[in-house]
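Take a look at the structure below.
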Amino acid sequence: QVQLVESGGGSVQAGGSLRLSCTTSRYTLSAGCMAWFRQAPGKEREAVAYIYPMPGITYYLDSVEGRFTISGDTVKNTVHLQMNGLKPEDTAMYYCAARVACSTSYWRNQNIYNYWGQGAQVTVSS
């Protein structure tokens, strides 16, 4: 059974930074791809960042480009999301997701991911 566990959430003031981590078990990152999603109250879940380590591909939501960085450790099978310059609109529950059969298409579509973590809350105050 593949498991994903997020950590590193918390509360910060606008302009601050947080680093989320997603630790996996029974999942091989070098053979797959992962993403971070977020969902704010009353809003749909949206894809924030994506990493496909084998070809060295990363994608970002336009509103976080240049502020967030996704990285992966294929030895520890862990993915991180470094979030700098946080804004109140970044407040949400953040989820990591993993996919086994990867492609660069439809990375924003939550339905293509096989496994999900339980979420980590990020709160940014103004």
Side-chain angles (χ1 to χ4, degrees):
Q1 180 85 9
V2 172
Q3 291 186 323
L4 309 180
V5 179
E6 299 95 338
S7 61
S11 298
V12 296
Q13 290 190 328
S17 298
L18 284 173
R19 186 182 192 226
L20 299 179
S21 296
C22 179
T23 304
T24 73
S25 60
R26 297 184 177 84
Y27 180 77
T28 303
L29 179 58
S30 60
C33 51
M34 293 184 67
W36 286 96
F37 284 75
R38 68 185 181 187
Q39 187 167 21
K43 295 188 177 181
E44 293 187 354
R45 189 173 295 189
E46 64 178 354
V48 175
Y50 169 87
I51 185 166
Y52 189 1
M54 183 57 68
I57 291 172
T58 56
Y59 293 138
Y60 295 93
L61 178 69
D62 285 350
S63 62
V64 308
E65 182 90 48
R67 299 188 296 122
F68 291 12
T69 303
I70 189 170
S71 61
D73 184 331
T74 55
V75 174
K76 296 181 179 179
N77 294 310
T78 299
V79 169
H80 305 284
L81 184 68
Q82 178 66 43
M83 305 183 291
N84 299 328
L86 283 161
K87 304 176 181 180
E89 51 263 43
D90 295 317
T91 295
M93 185 71 79
Y94 283 70
Y95 300 90
C96 63
R99 187 181 180 192
V100 175
C102 296
S103 73
T104 56
S105 302
Y106 310 113
W107 71 274
R108 294 180 179 87
N109 187 342
Q110 60 180 313
N111 295 319
I112 69 171
Y113 293 89
N114 305 103
Y115 308 104
W116 290 84
Q118 82 290 348
Q121 179 66 41
V122 171
T123 302
V124 185
S125 59
S126 58

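All values derive from a computational prediction rather than experimental measurement.
- Here the straight-line distance linking atom CZ of Phe37 with atom CE of Met93 works out to 15.5 Å at 0.5 Å rounding.
- Proximity of Tyr50 to Ile70: side-chain heavy atoms (C-beta onward) are nowhere separated by under 4.5 Å.
- Both Leu61 and Met83 are part of a single hydrophobic cluster, where members link through side-chain heavy atoms under 4.5 Å apart.
- Looking at heavy atoms from C-beta onward, Leu29 lies out of side-chain contact with Asp73 at the 4.5 angstrom threshold.
- Cluster annotation: Val79 and Val2 are assigned to the same hydrophobic cluster (Ile/Leu/Val/Met/Phe/Trp/Tyr, side-chain heavy-atom contacts under 4.5 Å, transitive).
- No side-chain donor-acceptor contact under 3.5 Å links Asn84 to the backbone of Ser17.
- Between the side chain of Glu6 and the backbone N or O of Gln118 there is at least one donor-acceptor pair closer than 3.5 Å.
- Taken together through direct or relayed side-chain contacts under 4.5 Å among Ile, Leu, Val, Met, Phe, Trp and Tyr, Tyr60 and Ile112 form parts of separate hydrophobic clusters.
- Contact detail for Gly72 and Ile51: the closest heavy-atom pair is N-CD1, 3.4 Å.
- Separating the CD atom in Gln3 from the CZ atom in Arg26 is a distance of 7.0 Å, to the nearest 0.5 Å.
- Between the Tyr27 side chain and the Thr78 main chain, no donor and acceptor come within less than 3.5 Å of each other.
- Note: the hydrophobic cluster containing Val64 does not contain Trp107 (ILVMFWY, side chain heavy atoms under 4.5 Å, direct or indirect links).
- By the 4.0 Å N-to-carboxylate-O rule, Glu46 lies close enough to Arg38 to be salt-bridged with it.
- Hydrophobic cluster membership differs between Val100 and Trp116, with clusters built from Ile, Leu, Val, Met, Phe, Trp and Tyr side chains linked at under 4.5 angstrom.
- Between Tyr94 and Leu20, the shortest heavy-atom distance links the atoms CB-CD1, 3.5 Å.
- With sequence neighbours left out, the ring-ring contact (aromatic ring centres under 6.0 Å, His included) criterion links Tyr106 to no other residue.
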Sequence neighbours left out, cut at 3.5 Å: what donor-acceptor pairs do the side chains of residues 119-126 make with other protein atoms?
unit_1: Gln121; atom_1: NE2; unit_2: Ala92; atom_2: O; d: 3.4
unit_1: Gln121; atom_1: NE2; unit_2: Thr123; atom_2: OG1; d: 3.4
unit_1: Ser125; atom_1: OG; unit_2: Val12; atom_2: O; d: 3.4

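- Residues Tyr115 and Leu4 share a closest heavy-atom pair of O-CD1, 3.4 Å.
- Atoms CG and OG, on Asp90 and Ser63 in that order, are 7.0 Å from each other to the nearest 0.5 Å.
- Listed here is the closest heavy atom pair of Gly117 and Tyr95: O-CD2, 3.6 Å.
- Proximity of Leu86 to Leu18: side-chain heavy atoms (C-beta onward) are separated by under 4.5 Å at one or more points.
- Between the side chain of Tyr52 and the backbone N or O of Tyr59 there is no donor-acceptor pair closer than 3.5 Å.
- The minimum heavy-atom distance linking Met54 with Ser30 is given by the pair CE-O, 3.2 Å.
- Residue pairs satisfying the disulfide (SG to SG under 2.5 Å) criterion with at least one member in residues 29-79, sequence neighbours excluded, are listed as follows: Cys33-Cys102.
- Summarising the geometry of Thr24 relative to Asn77, their closest heavy-atom pair is OG1-O, 2.7 Å, with the distance given to 0.1 Å.
- For the residue pair Tyr113/Arg99, the side-chain donor-acceptor check at 3.5 Å is not satisfied.
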